[in-house]
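Throughout, protein chains are lettered first and strands after them, A, B, ... in sequence-line order, and every chain is numbered starting at 1.
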Amino acid sequence: MKTDFRDMWRQLNHYQQEAVLDENPACVVNANVGSGKTTVLIAKVLWLHMEKQIPFEDMAVLTFTNKAADEIIARLKKSCEGEIAPEQVHGFGTFHSVALRLLKDRLSVETAGWTKEFTVMDPDEETDLALELITSRGLKVKYKNRLKKRLEQEYGAYESGKAESRYKDDLFALYPLLLKEKKRQNKMAFSDLLRVSTELLSPGGGSADAEAENGVWRPAWVIVDEVQDSDALQMEFLAALLGQTGKGEEHKEHEEHRGKLFAVGDPNQVIYSWRGTGDNMFFLLKHRFGARELTLPVNYRSGASILEAANRFLQFGTGIQGDRENRGTITVKNHYDPFQEAEYLAERIRGMHESGTAYRDIAVFYRLQRQSELLAKVFERHGIPYELSVKETLKDIPVLDWLVKVLRFSVNSMDEQTGIAVLADPLYGEKCTKKKAGQIVREDRRETSELYRRMKEFPCGVFSGKEEEFPSAQALFDWFGLREALHPTSAEYRRDAQTALAFLEEVCAYCGQILEEGPGKRYMDCMREFINSSALYGMKIDAGEKNAADKNAVDGGETGEAPDSVKLMTLHASKGLEFDTVFIIGVNPGLIPLRCTGFEQEEEERRLFFVGMTRAKNELELSWYTNPGEPGVAGEYSRYLKMIPEHLISGETGTGGSSEKGYGLQQMRRQIQENRKKKEQPEEKKVRVRHRKYGEGVLVSDDGTTVEAEFPGYGKKQFLKAFGEVEIK
DNA sequence: ATTCGAACCATTTTT
DNA sequence: TGGTTCGAAT
C-alpha cells in the first residue's frame, strides 16, 4: 500500500506535490487542461488517508458525473492493496448521490416533510406532475412546452422573493403546489436532493433534537472534482457540508471543527454555463471560501504545436506549459461540403488504420448533434467501425421504462402519479384511461385491477417471510403477472420477457449484494435503493442487458470490452477524453463558433473549441466547408482558424472548390430527409418494411413506439421500434 | 375555430 | 433569419 503511494508521489511534479500537501482551510487548484487533475485528487485522498490518518469515512469526494465518480473509486482501489468497503466511501460520489445517502442515513427528512422511504423522481416526471397540477388547479402558465426549462431557470427568481414570474403568469404559484405534491407522494426530484439536504445540514435547518440524536455528518475534508461545472445549488451544498451557513460570522469559534475544502477545476473549460448560472463558479468558489489558489501549469497530453495553438484560446491564466518532446501536427483542410468531407474522412481513417493506427485512437468532433447523421451513414458505407456517443437509457426501452415504474410504485405506494402511469400505459398497462387509473389508485380499488393489487401488496406479498432468500427474478416476474402484461402472443414477447427478466436479475443481484454487505436491511429498502440509484445513474444500461435488448445492433462490432472503433461526438461530449488523432469538422462561422448573441456566449464557444483542440495528443485536423449547405453557416474560414498562427499549421489542402461534387450531398440530404419523413408520418401510402424472420411486408400503423406491419403468410405483427427489428424502407 | 402580430428562441446535456 | 407559441381578435 505504502509503496504504491510513494511511487505515485515520485511521479508528481512539484506543483502537484504542493497541491497534495496543502492544508489550508480551503484550497482551489486551477488545473490546466491535461495537467493530471484526477491524479492529484487521488493522491490527495491517499495522502490524507495514509499520512494524515484520516479515514475515508471522514471525507466527501464529490464529482459532477457518475463516470468521474466511478473513475476515482476505481483508481483508488487500484492504489490500495486492501479492498475498500463500500461503506467506507459513502461520502464518495456525485453531489446528488452523496446527498441522497445523507438523506437516507444521516439526516431527518421527516423534518422537511418526507419519510425515510421516499423515492427519487425521474427528471421528466416532475414536469408531468407540474402539468397535471396546472390542469387540475386551473393555473395559467405560458410556454408549457418549455416548462421544464422554465421551472429550472425561474426557480432562483421565485426563491429570492420576486413578485412575478418572467412572463407574468402563475408559475410562482406552481412551485409551492409542486413541492407539496412531491411531499405528499413521498418523492424528491434531483434538485430536491440537494436543496433538502443542504437545508437539513445547515445549523437550525434540521431540528435540534434530530441533530443531537444522529449527529450531522461533518466530513473532515471535502474534495471536489471539476468545480467549474458546479452550480449555485451545489455550492450551497458544499457550504452546508463544511458547516458554513454563509451568513453570520459566529462559526469562527467552531473553526477547528469545520471541514477543509480541496477543490480542483479549470476555469478555461467552462462549457456548460448555459444550464447553470453563467458565472464562473471557479472564481466564485475561491472567493466564497477564501481559498488559496494553486496552479497546475504542465500539460502532459498534447504535442507542443497543439498546445501553442490552444494557448491562443486560453482565457484565464498565463499559458500552459508543455512537457512533450513531440511537436504534434495541426492541419487545416477545406472541403467542398459536408458530404465530401465525410467521404474524405472515411478514406483518410481507413488509410490510417491500414498503416497501423487503431480506430479507437481516432475521434471526430462536431458542434451539433445532427452533423453526426451524415458521418455515420458514410462511415457505415465504407465499413469504418464507429461509435456515436449517444447514451442509451432504460427509458429508450419501453418494457423497462414501464417495469421500472411498476417497481417504483410497488416500493412507494404514495407515488400516485407513477401508479397511474403504470395502469394507463397503452402498451403494457390495464388498457384503461388515465381517469380510470386515477380512480383505481386513489380509491385503492384492488378488486378492479389485479396488477394494481399486486403492486400494492408487493411489500407483504413477496417479502412475507423474513428468513427467506431474496426472491428470484422469476418470482418477481410471476408476481406482477408479467407473462400476461407483456402480451404473450405478440411478436416481441420473447424479447420483452427476456429483457424484463434480465433486468429483474439485475435487481435481485443488487439487492442480494446489499443484504450481504449490511444484513439487517429489509428487502424493500434494498429494492428502493436500487430504484433510486438507477434513477440517479441516468438509467444507463450495462453491457449485458444492452446486448440482450438489441442483439442485432447496427454494426456487427466484436463483443470485446472496448470495441475498436472511431468515436464520433459533439465538442461538449469530448470533455475529459483524449485521443491520438482528433478531427474537428465544420470550423465555419455560424457553426464553430455557433451564431451567438452576447459576449459571454462567444467566450464559451471559444472555450468549447479550446476543449476540443486539447483532446488531441499528436494530430489535430481542422476542416471547413466551402459550401456548408446550412442556413446561417457561412462558407468561409472561421475566425478561430485565423487565430492559429500560420507557422503551427503543417498543411493546408483539401477538396474544396470543385462544384460538380456537390451532387452527392444533394442526394444524401434528400435521402436523409425522406427517411425522417417516414419516421414521423409513415402511413402515407404503402410503406414497405422488412423483418429478419417474416421477410417483406407492409406497414400498417406506427404510433412512435410500436410498429405494426402485415406480412404475407404471417398476418399482422407488432414490433417495438426501439429494438429496430423491422426495417422501414 | 381561425387568423394575426408580437415575442421569443434556436445549439450544447448531467443529475 | 425563420420557426414556434402566445394572446387577442374575429
Interatomic distance where [atom1] belongs to [X] and [atom2] belongs to [N] [whole Å]:
X        : N      : atom1 : atom2 : result
A/Glu226 : B/dT13 : CD    : C1'   : 14 Å
A/Arg370 : B/dA10 : CZ    : P     : 13 Å
A/Glu152 : B/dT13 : CD    : P     : 15 Å
A/Arg150 : C/dT5  : CZ    : P     : 14 Å
A/Gln369 : B/dA10 : CD    : C1'   : 16 Å
A/Glu630 : B/dA10 : CD    : P     : 17 Å
A/Lys144 : B/dC8  : NZ    : P     : 17 Å
A/Lys140 : C/dA8  : NZ    : P     : 8 Å

Would you classify [X] as touching base, sugar-phosphate or nothing, given that sugar-phosphate means primed atoms plus P, OP1 and OP2, and contacts are heavy atoms under 4.0 Å?
X        : result
A/Arg595 : base
A/Arg166 : sugar-phosphate
A/Asn145 : sugar-phosphate
A/Phe95  : nothing
A/Glu604 : nothing
A/Gln234 : nothing

(message) Less than 4.0 angstrom between a side-chain N/O of A/Thr94 and OP1 or OP2 of B/dT14, yes or no?
(response) no
(message) Between A/Lys149 and B/dA10, is there a contact of a side-chain N or O with OP1 or OP2 at under 4.0 Å?
(response) yes
(request) Kindly give the heavy-atom pair with the smallest separation between A/Ala60 and A/Pro219, and that separation in Å. (result) N-CB, 3.9 Å
(request) Take A/Tyr537 and A/Asn532 through the test side chain to side chain donor-acceptor pair (under 3.5 Å) and record every step on the way to the result. (result) CA-CA 9 Å; A/Tyr537 209 81; A/Asn532 283 340; over 6 Å; no
(message) Please pick, from B/dC9, B/dT15, B/dT12, the nucleotide with the shortest atom-to-atom distance to any side-chain atom of A/Asn66.
(response) B/dT15
(request) State which of B/dT12, B/dT15, B/dT14 makes the closest approach to the side chain of A/Phe64. (result) B/dT14
(request) Working to the nearest 0.5 Å, report the span between CZ of A/Phe64 and CD of A/Gln234. (result) 5.0 Å
(message) Ring of A/Phe118, cation from A/Lys104 - is the NZ or CZ under 6.0 Å from the centre and inside 45° of the axis?
(response) yes
(message) On DNA chain B, compare the nucleotides closest to A/Tyr143 and A/His572; which residue's is nearer the 5' end?
(response) A/Tyr143
(request) Between A/Arg146 and A/Thr65, just flag the one whose closest nucleotide in DNA chain B comes earlier from the 5' side. (result) A/Arg146
(message) If we ignore hydrogens and angles and just use 3.5 Å, is the side chain of A/Arg106 paired with the main-chain N or O of A/Val216 as donor and acceptor?
(response) no
